[in-house]
Undergrad: 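Structure in structure tokens, see below.
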Amino acid sequence: MSAHAAPHTAINARSLLPPAIQAWALYLDDQGNAENTVKAFTSDLSLLEDYLPADQAIGSITTNDLNNFLNWMQKERGVPCSPKTLARRITSLKAFFRWLQGAGAILADPAERVVQKSVLSPLPDVLSVQEMDVVLGTADRMRRAKDGDSRHAALAGLLLATGIKKAECLALTTSHVDLDAAGGPMLFVRYKNPKHRYKERKIALPESWLPAYEQYRQQNDLDEGLFPWSPRRLEYLLQELGEAAGLDKQLSFLMCRWTCALNDMNEGMEEEKIRQKLGISEIQWREVGMKLKRLQSEQDLQQGQLL
């Protein structure tokens with residue numbers, strides 16, 4: 001099946017919206033999108049289904065139809081539609097009709113010329129290169145101190161190198177770390193649920209992390225997991241490290257994830273490889289990629305002001 005093929009049912013220009021939306025939902029699910037993402041996108045298309053005549057075939061939907069629908073939704077429907085919601089609904093329309101055209105169900109994409117309404121959501125907090133060096137240096141001193149604690153260095157070093165999410169971190173065991181892999185030390189991110197197998201991946205581990213990991217293994221009983229503590233305890237370890245490093249912002253799993261991705265982009269890693277390393281879908285990458293580029297621009301501007 002191609003990336004655009006309509007799964008489980010034959011959709012063509014004469015098809016009505018309900019079966020086309022159902023086929024798209026199955027496609028999104030097949031691609032490993034989160035359940036909430038699929039629900040949000042399909043509910044946006046259900047509004048279009050309610051607006052258009054019940055017997056209108058997908059091949060007869062025009063750009064004018066879509067623009068009238070968006071105008072109705074904003075001004076005539078009588079239900080508030082925030083700029084963020086409007087932007088998402090336009091994204092849903094564009095993704096749906098782009099998929100229909102790519103699958104050969106329609107010849108022309110009526111959503112292509114619909115103007116995208118971008119909403120600049122707040123950028124996530126990230127560590128500058130200097131701040132990251134201070135954090136890792138502080139963690140290293142903490143583990144080297146008399147009666148040193150290696151947990152901060154093992155946790156923060158892994159997060160900043162791999163960009164894994166909190167839930168992925170909590171699911172790790174020592175078997176997920178392969179120090180003898182052919183291409184060098186590797187972290188294996190795995191999922192028990194077959195639906196999320198697309199998120200599974202191998203991520204290279206830096207040599208600089210290994211001393212902290214070896215000490216960490218010796219100091220802790222890791223039979224029940226690589227980080228056998230509660231999520232709150234791990235969050236506190238990061239917060240403790242951030243405070244010790246003198247950060248004016250709270251070090252967190254999310255901050256480490258975004259910092260890792262931004263570092264990879266700054267180092268010239270291909271966007272597709274960053275997406276795969278983060279374990280996110282192409283749809284999710286659109287927003288993540290835009291935010292990373294904005295973060296990159298902000299960093300460049302700040303660096304220019306310092307010169």
Undergrad: Side chain of Asn263, backbone of Thr259: donor and acceptor closer than 3.5 Å?
TA: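 Checking the backbone N and O of Thr259 against the side chain of Asn263, a donor-acceptor pair under 3.5 Å is found.
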
Undergrad: Ignoring hydrogens and geometry, is there a side-chain-to-backbone donor-acceptor pair from Gln219 to Ser150 under 3.5 Å?
TA: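 Judged by distance alone, yes, a pair lies under 3.5 Å.
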
Undergrad: Less than 4.5 Å apart, any side-chain heavy atom of Leu159 and any of Cys260?
TA: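 Not touching, per the 4.5 Å side-chain cut-off.
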
Undergrad: Would you please test Glu35 and Lys39 for salt bridge (Lys or Arg N to Asp or Glu O under 4.0 Å) and show each step?
TA: CA-CA 6 Å; Glu35 184 177 346; Lys39 283 183 178 178; 3.4 Å; yes

Undergrad: So Glu235 and Lys166, salt bridge (Lys or Arg N to Asp or Glu O under 4.0 Å) or not? Walk me through it.
TA: CA-CA 9 Å; Glu235 289 162 0; Lys166 184 197 301 184; 2.3 Å; yes

Undergrad: Is there a side-chain contact between Leu226 and His176 in this structure, where contact means two heavy atoms from C-beta onward sitting under 4.5 Å apart?
TA: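 A side-chain contact is absent here, since even the closest heavy-atom pair is not under 4.5 Å.
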
Undergrad: So, for Ala181 and Met186, which heavy atoms are closest and what is the spacing to 0.1 Å?
TA: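 Closest approach of Ala181 to Met186: CB-CG, 3.8 Å.
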
Undergrad: Test side chain to side chain contact (heavy atoms under 4.5 Å, CB included) on Leu251 and Leu127; report intermediate values, then the result.
TA: CA-CA 9 Å; Leu251 188 64; Leu127 297 172; 3.9 Å; yes

Undergrad: Where is the tightest heavy-atom contact between Pro211 and Arg143, given as atom of each residue plus distance?
TA: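 Taking every non-hydrogen atom into account, CB-NH2, 3.5 Å.
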
Undergrad: Determine yes or no for a side-chain-to-main-chain donor-acceptor pair under 3.5 angstrom, with Asp221 supplying the side chain and Asp223 the backbone.
TA: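 Yes.
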
Undergrad: Give a yes or no answer on whether the side chain of Asp149 reaches the backbone of Arg151 with a donor-acceptor pair at less than 3.5 Å.
TA: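 Answer holds: yes.
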
Undergrad: So does Glu76 have more than 12 non-hydrogen atoms from other groups sitting under 6.0 Å from CD?
TA: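 Yes.
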
Undergrad: Hydrophobic clustering (ILVMFWY, side-chain heavy atoms < 4.5 Å, transitive) - are Leu262 and Leu160 grouped together?
TA: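 Looking at the clustering, Leu262 is in a separate group from Leu160.
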
Undergrad: Taking all non-hydrogen atoms of both residues into account, name the closest pair between Gly163 and Arg257 and its distance.
TA: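 Taking every non-hydrogen atom into account, O-NH1, 2.6 Å.
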
Undergrad: I'd like to know if Glu298 and Lys291 make a salt bridge, using a cut-off of under 4.0 Å between side-chain N and carboxylate O.
TA: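 No.
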
Undergrad: About how many Å separate CD of Gln22 and CG of Leu16, when rounded to the nearest 0.5 Å?
TA: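 It is 12.5 Å, given to the nearest 0.5 Å.
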
Undergrad: Please find out if less than 6.0 Å separates the ring center of Tyr216 from that of Phe227.
TA: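 They qualify: ring centres under 6.0 Å apart.
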
Undergrad: Applying side chain to side chain contact (heavy atoms under 4.5 Å, CB included) to Ile58 and Asn12, what does each step give before you reach the verdict?
TA: CA-CA 8 Å; Ile58 58 174; Asn12 57 50; over 6 Å; no

Undergrad: Do Phe253 and Leu170 make a side-chain contact, defined as non-hydrogen atoms from C-beta onward lying under 4.5 Å apart?
TA: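 Contact flag for Phe253/Leu170 side chains = no.
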
Undergrad: Rounded to the nearest 0.5 Å, how far apart are CD1 of Ile61 and CG of Leu93?
TA: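 Between atom CD1 of Ile61 and atom CG of Leu93 there are 9.5 Å.
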
Undergrad: Within this structure, what is the OG1-CZ distance for the pair Thr85 and Arg89, rounded to the nearest 0.5 Å?
TA: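 Here the interatomic distance stands at 5.5 Å.
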
Undergrad: Do NZ/NE/NH1/NH2 and the carboxylate oxygens of Glu131 and Lys249 come within less than 4.0 Å?
TA: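 Yes, this pair counts.
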
Undergrad: When clusters are formed by joining ILVMFWY residues with side-chain heavy atoms under 4.5 Å apart, either directly or through shared neighbours, do Leu179 and Ile203 land in the same one?
TA: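 In one cluster with Leu179: Ile203, yes.
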
Undergrad: Is there a donor-acceptor pair under 3.5 Å between the side chain of Gln215 and the backbone N or O of Ala212?
TA: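 Side chain of Gln215 to backbone of Ala212, a donor-acceptor pair under 3.5 Å: no, none is there.
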
Undergrad: If you define the side chain from C-beta out and look only at heavy atoms, does anything of Asp109 sit under 4.5 Å from Trp99?
TA: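 Counting from C-beta outward, Asp109 and Trp99 never come under 4.5 Å.
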
Undergrad: Look only at the side chain of Glu200 and the backbone of Tyr191, and say whether a donor-acceptor pair between them is shorter than 3.5 Å.
TA: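 Yes, because the side chain of Glu200 sits within donor-acceptor range (under 3.5 Å) of the backbone of Tyr191.
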
Undergrad: Is there a donor-acceptor pair under 3.5 Å between the side chain of Lys277 and the backbone N or O of Ile164?
TA: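 A pair under 3.5 Å: no.
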
Undergrad: Between the main-chain N or O of Ile11 and the side-chain N or O of Ser15, is there a donor-acceptor pair closer than 3.5 Å?
TA: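 No, the answer is negative, given that no donor and acceptor are paired below the 3.5 Å cut-off.
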
Undergrad: Show your working on side chain to side chain contact (heavy atoms under 4.5 Å, CB included) between Phe97 and Gln101 and close with a plain yes or no.
TA: CA-CA 6 Å; Phe97 285 102; Gln101 186 186 38; over 6 Å; no

Undergrad: Could you report the tightest heavy-atom contact between Tyr51 and Asp65, atom names first, then the distance?
TA: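 For Tyr51 versus Asp65, the nearest heavy atoms are CE2-O, 4.0 Å.
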
Undergrad: Show the nearest heavy-atom pair for residues Glu49 and Pro18, with the distance to one decimal.
TA: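 Distance-wise, the nearest heavy atoms are OE2-CG, 3.4 Å.
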
Undergrad: Would a 4.5 Å heavy-atom cut-off, applied to side chains only, mark Ser297 and Arg294 as touching?
TA: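 Side-chain contact under 4.5 Å: no.
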
Undergrad: When you look at Gln299 and Asn266, which way does the side-chain hydrogen bond (donor to acceptor under 3.5 Å, both in side chains) test go after all the steps?
TA: CA-CA 10 Å; Gln299 276 195 348; Asn266 286 337; 3.1 Å; yes

Undergrad: Among the clusters formed by ILVMFWY side chains lying less than 4.5 Å apart, do Leu254 and Val126 turn up in the same one?
TA: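 Yes; tracing contacts between hydrophobic side chains, which count when under 4.5 Å, links both residues.
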
Undergrad: So, taking the atom named CD in Glu240 and the one named CE in Met142, what distance separates them when rounded to the nearest 0.5 Å?
TA: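 That separation rounds to 5.0 Å.
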
Undergrad: Are any of the side-chain heavy atoms of Thr138 and Arg141 separated by less than 4.5 Å?
TA: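 A side-chain contact exists here, since the closest heavy-atom pair is under 4.5 Å.
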
Undergrad: Measure the spacing between CG of Leu292 and CG of Leu278 and express it to the nearest 0.5 Å.
TA: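 Result: 7.5 Å between the selected atoms.
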
Undergrad: Please determine whether residues Val134 and Trp258 belong to a single hydrophobic cluster, defined as Ile, Leu, Val, Met, Phe, Trp and Tyr linked transitively by side-chain heavy-atom distances below 4.5 Å.
TA: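 In one cluster: no.
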
Undergrad: Please report the interatomic distance CG(Leu155) to CZ(Arg233), rounded to the nearest 0.5 Å.
TA: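 The CG atom of Leu155 sits 11.0 Å away from the CZ atom of Arg233.
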
Undergrad: Between Arg275 (side chain only) and Ile280 (backbone N and O only), is there a donor and an acceptor less than 3.5 Å apart?
TA: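 Side chain of Arg275 to backbone of Ile280: a pair is present.
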
Undergrad: Test of understanding: clusters of I, L, V, M, F, W, Y form through side-chain heavy atoms closer than 4.5 Å, transitively. Do Leu47 and Leu28 belong to the same one?
TA: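 Same cluster.
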
Undergrad: Under a 3.5 Å distance rule, please check whether Gln74 uses its side chain to pair with a backbone N or O of Leu70 as donor and acceptor.
TA: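 At least one qualifying donor-acceptor pair exists.
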
Undergrad: May I ask you to test the Asp44-Ile90 pair for a side-chain heavy-atom distance under 4.5 Å?
TA: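 When only atoms from C-beta onward are counted, Ile90 and Asp44 do not touch, as no gap falls below 4.5 Å.
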
Undergrad: Could you walk me through whether Trp24 and Leu100 pass side chain to side chain contact (heavy atoms under 4.5 Å, CB included), step by step?
TA: CA-CA 8 Å; Trp24 189 49; Leu100 286 175; over 6 Å; no

Undergrad: Consider salt bridge (charged side-chain N to carboxylate O under 4.0 Å, His left out). Of Lys199, Arg190, Arg201, which one does Glu168 pass it with?
TA: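 Of Lys199, Arg190, Arg201, salt bridge (charged side-chain N to carboxylate O under 4.0 Å, His left out) with Glu168 is met by Arg201 alone.
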
Undergrad: So, do Leu187 and Lys202 sit near enough that their side-chain heavy atoms are less than 4.5 Å apart?
TA: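 In short, these two side chains do not touch, never coming nearer than 4.5 Å.
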
Undergrad: Give a yes-or-no answer on whether the side chains of Ser46 and Ser43 include a donor-acceptor pair shorter than 3.5 Å.
TA: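 Their side chains do not contain a donor-acceptor pair, so the 3.5 Å distance test is not met.
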
Undergrad: Would you tell me whether Gln250 and Asp125 have side-chain atoms, one donor and one acceptor, within less than 3.5 Å of each other?
TA: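 Result is no, nothing qualifies.
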
Undergrad: Are Glu282 and Arg286 within salt-bridge range, i.e. N to O under 4.0 Å?
TA: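 Salt bridge between Glu282 and Arg286, a charged N being under 4.0 Å from a carboxylate O: no.
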
Undergrad: Please determine, by modelled atom types, if Gln218 and Glu214 share a side-chain donor-acceptor pair under 3.5 angstrom.
TA: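 There is no such pair (donor and acceptor under 3.5 Å, judged by atom type) between the side chains of Gln218 and Glu214.
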
Undergrad: I need the minimum non-hydrogen distance between Trp209 and Val177, along with the two atoms involved.
TA: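 Between these two residues, the closest heavy atoms are CZ3-CG1, 4.3 Å.
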
Undergrad: Show your working on salt bridge (Lys or Arg N to Asp or Glu O under 4.0 Å) between Lys293 and Glu271 and close with a plain yes or no.
TA: CA-CA 11 Å; Lys293 287 173 183 173; Glu271 291 188 15; 3.1 Å; yes

